[in-house]
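Each remark here refers to the structure printed beneath this line.
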Amino acid sequence: MPIVQVSILEGRDKEQIRQMIEGITQAIADSLQVKPEQVRVLVTEVPPSHWGAGGVTKEQSRSL
């Protein structure tokens, strides 16, 4: 049973996340030749204050 973990910034609507899960599921099922029902996708939404790149949080970079 493949398990995919995805971390994304908060703020996307439920439909966008649903479509992402559907797309990831199909890609994994096709590439590993497993049934879509066997694929698990875990989505973690991270607040901008907890997402950093280059020593700066996303929250900080939005205010620059």
Side-chain angles (χ1 to χ4, degrees):
M1 168 178 25
I3 300 173
V4 179
Q5 296 181 353
V6 180
S7 296
I8 60 173
L9 281 170
E10 286 179 334
R12 290 170 178 85
D13 63 42
K14 289 181 181 182
E15 180 60 18
Q16 288 175 306
I17 294 172
R18 188 201 65 73
Q19 288 177 4
M20 180 185 65
I21 291 170
E22 182 180 338
I24 290 170
T25 298
Q26 194 59 55
I28 295 297
D30 292 346
S31 63
L32 297 180
Q33 300 174 343
V34 297
K35 296 177 184 176
E37 297 80 21
Q38 294 175 291
V39 179
R40 305 293 184 260
V41 179
L42 308 174
V43 179
T44 302
E45 292 186 279
V46 180
S49 61
H50 289 65
W51 187 288
V56 179
T57 68
K58 188 66 172 173
E59 183 176 63
Q60 291 171 308
S61 68
R62 287 180 178 169
S63 64
L64 296 177

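Remember, predicted model here, so these are calculated numbers, not experimental data.
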Run Glu45 and Leu9 through side-chain contact (heavy atoms from CB on, under 4.5 Å) and show every step you take. CA-CA 5 Å; Glu45 292 186 279; Leu9 281 170; over 6 Å; no
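In summary, the side chains of Glu22 and Gln26 do not present any donor paired with an acceptor at a separation below 3.5 Å, with no hydrogens or angles considered.
Between Glu10 and Pro48, the closest heavy-atom pair is OE1-CD, 3.9 Å. Closest non-hydrogen pair, Pro2 versus Val34, comes out as CG-CG2, 4.1 Å. Val39 and Ile28 make their closest contact through CG2-CG2, 3.9 Å (heavy atoms, listed as atom of the first residue, atom of the second, distance). Considering all non-hydrogen atoms of both residues, Ala29 and Lys35 come closest at CB-C, 4.3 Å.
No donor-acceptor distance shorter than 3.5 angstrom exists from the side chain of Gln19 to the backbone of Gln16, with no hydrogens or angles considered.
Residues Leu32 and Val6 share a single hydrophobic cluster, defined by chaining ILVMFWY side chains whose heavy atoms lie under 4.5 Å apart. In the hydrophobic clustering of this structure, Val4 groups with Ile17; members are Ile, Leu, Val, Met, Phe, Trp, Tyr whose side-chain heavy atoms approach within less than 4.5 Å, directly or through other members. Ile8 and Val46 fall into different hydrophobic clusters, where Ile, Leu, Val, Met, Phe, Trp and Tyr residues are linked whenever their side-chain heavy atoms come under 4.5 Å apart, directly or through other members.
Within 6.0 Å of atom CD in Gln33, 12 or fewer heavy atoms from other residues, nucleotides or ligands are found, so the atom counts as exposed in its surroundings.
To the nearest 0.5 Å, atom CD1 of residue Ile24 and atom CZ of residue Arg40 are 14.5 Å apart.
Using a 4.5 Å heavy-atom cutoff, the side chains of Ser7 and Thr44 are in contact.
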